[in-house]
Protein chains: 2
Amino acid sequence: MAKVLSKNHPLLTDDIYESIKSLLMDHVILPGERVSIDALARDLKVSQTPIREALARLEADELVVRKPLTGYSATQVLTFKELLDLYEFRFLNEQKAIELATKKLTIDGEKKLKAELATVKKIPPGSKYKAYRFVSEHDARFHQLIFQLSGNSFMESAFLKTHCHLHLFRLSPTTSEVRNLALKEHGDIVKAMASRDIKLARTAMLTHLVNSRERILPFLLEMP
Amino acid sequence: MAKVLSKNHPLLTDDIYESIKSLLMDHVILPGERVSIDALARDLKVSQTPIREALARLEADELVVRKPLTGYSATQVLTFKELLDLYEFRFLNEQKAIELATKKLTIDGEKKLKAELATVKKIPPGSKYKAYRFVSEHDARFHQLIFQLSGNSFMESAFLKTHCHLHLFRLSPTTSEVRNLALKEHGDIVKAMASRDIKLARTAMLTHLVNSRERILPFLLEMP
DNA sequence: TTACGAAAAATCCTATACGATAAAACGTAT
DNA sequence: ATACGTTTTATCGTATAGGATTTTTCGTAA
């Protein structure tokens, strides 16, 4: 019996892809844990095909790894060195992105930035985990928006595929307050961009990233 | 009837992935052309499953695009703006990569670079197309090697996923001589790295990339 | 000749069956 | 108690059927 395709879900695989990514994000699937195609198909109530397609894409994203005749498993959390490498990549590309974005910033772009800032004016009530996830999602959107405004699609998709917010979230899923410091820094970044001061914008971004790395590092040091 | 897995083919999907990528590279599948799952399964003599998995990965690579209820089709060749964006990305990341690689270059790394140079000491006889593809493959390996030597796996895989040599090859698959000029520039790059002169190495890389872009541009300008 | 509409073909998307392999559980012997 | 070998289980990889949708083809009318 074929499943009817709703207009809201033109591609089942896309939904499944996002679902599995959420499972990884939320530690429902733990780092290193095996990811069974059969089990996922049963749990998500779909056939194996969309699961396989989603996992193939996640493999390309390096969020899962595949071992021949054994199956998929979730990627391990970042090592110390990998975290430093990730931030080195971000320093380089996000400074360039904000430079480009500031250079060609329109009124509309400015509006979008401020609208994104506004989404976290007040954090919704709920568990610390929920609040942290909320801020983390804003962070992901904010940084991606700057890449969008840079106008370079290659840089944008390269950044997207680092999945840095997912990696960082998996490192420290329980913390809460410290992360909110980032919100002020986001404001500083937008202010610098709005003033069309490229050098200031670069500095604001670098400061934000350096601080972000410092906030994460302690969580990594107390790991095995 | 299930197919027996040979030891040389631990993951059929990987082979299929490479096969389809070659079809795109060699214009057997033209830019914009539809990519039928059924047809590929018939032609490559495998079931649909590995085809679907390979296409899902190629979609993540942005080498094919998927339209709901219509299927996959090959990505269009780069527009003028996209080509400039691609090179902007390369300027930024490859200069950083060569800086890192030069900084930590070992004797072994130096050997690998020279070995890669040696692979194109003499271009094998055959059609112009063959020769061009041969040089193009060396070019891909050479640039990837520098990312490897940089030690930053995020930057390496970000570069890998731009698939720049595939994009560029699709733009100008018929040319020949001009491309060989790049070989001398590769030599200059290795020489600069071997002398551990970081600034010189950066310059050599930038020069190479700028020239490479200039060599490609004419082909793009005469396109629709 | 061109435009429009209906029928036919091709294709996608899902579901499911089955053989082959690897991982895990279990029992026995040392 | 531990190590080893066998059996059981779980999972992968492939193949194939069938419904739903889109694209193409073909015929008719203006």
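In the text below, chain A, chain B and the rest are named by the order of the sequence lines, each starting its count at 1.
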Rounded to whole Å, the CG-P distance (Leu40(B) to dC12(C)) equals 9 Å
Test item: side-chain donor near acceptor, Arg57(B) and Tyr17(B), under 3.5 Å: no
Separation of dA15(C) atom C1' from Lys45(A) atom NZ, nearest Å, is 16 Å
Problem - Touch class at under 4.0 angstrom, heavy-atom based, for Thr49(A) against every strand present - result: base
Less than 4.0 angstrom from a charged side-chain N to a carboxylate O is my criterion; do Arg66(B) and Asp14(A) meet it? no
Which of dA23(C), dA15(D), dT11(D) is nearest the side chain of Lys67(A)? It is dA23(C)
Should Arg133(A) and Glu137(A) count as an ion pair when the cut-off is N to O under 4.0 Å?
yes
Winner on side-chain proximity to Arg34(A), out of dA23(C), dC12(D), dT23(D), is dA23(C)
Regarding the side chain of Ser47(A), the nearest nucleotide among dC12(C), dT11(C), dT14(C) is dT14(C)
In whole angstroms, the gap separating C1' of dC12(D) from CD1 of Ile37(A) amounts to 7 Å
In whole angstroms, the gap separating C1' of dC12(C) from CD1 of Ile51(B) amounts to 14 Å
note: Glu59(B), atom CD; dC13(C), atom P; distance rounded to Å ~ 10 Å
Ranking dT11(C), dT11(D), dC12(C) by distance to the side chain of Arg42(B), first place goes to dT11(C)
Give one of base, sugar-phosphate or nothing for Arg52(B), where a contact means two heavy atoms less than 4.0 Å apart.
base
#### Entry: His186(A) and His208(A) aromatic ring geometry - parallel, tilted or perpendicular at 30°/60° bounds
perpendicular
Using a strict cut-off of less than 4.0 Å between a Lys/Arg side-chain nitrogen and an Asp/Glu carboxylate oxygen, indicate whether Lys104(B) and Glu99(B) qualify as a salt bridge.
no
* Asked: Is any side-chain N or O of Arg66(B) closer than 4.0 Å to OP1 or OP2 of dT11(C)?
  -> no
Leu44(B) CG to dG13(D) C1', in whole Å, measures 16 Å
Using a heavy-atom cut-off of 4.0 Å across all strands, would you classify Thr70(B) as base, sugar-phosphate, or nothing?
sugar-phosphate
Rounded to whole Å, CD of Gln48(A) lies from P of dC13(C) at a distance of 18 Å
Atom CD of Glu53(A) and atom P of dA15(C) are separated, to the nearest Å, by 12 Å
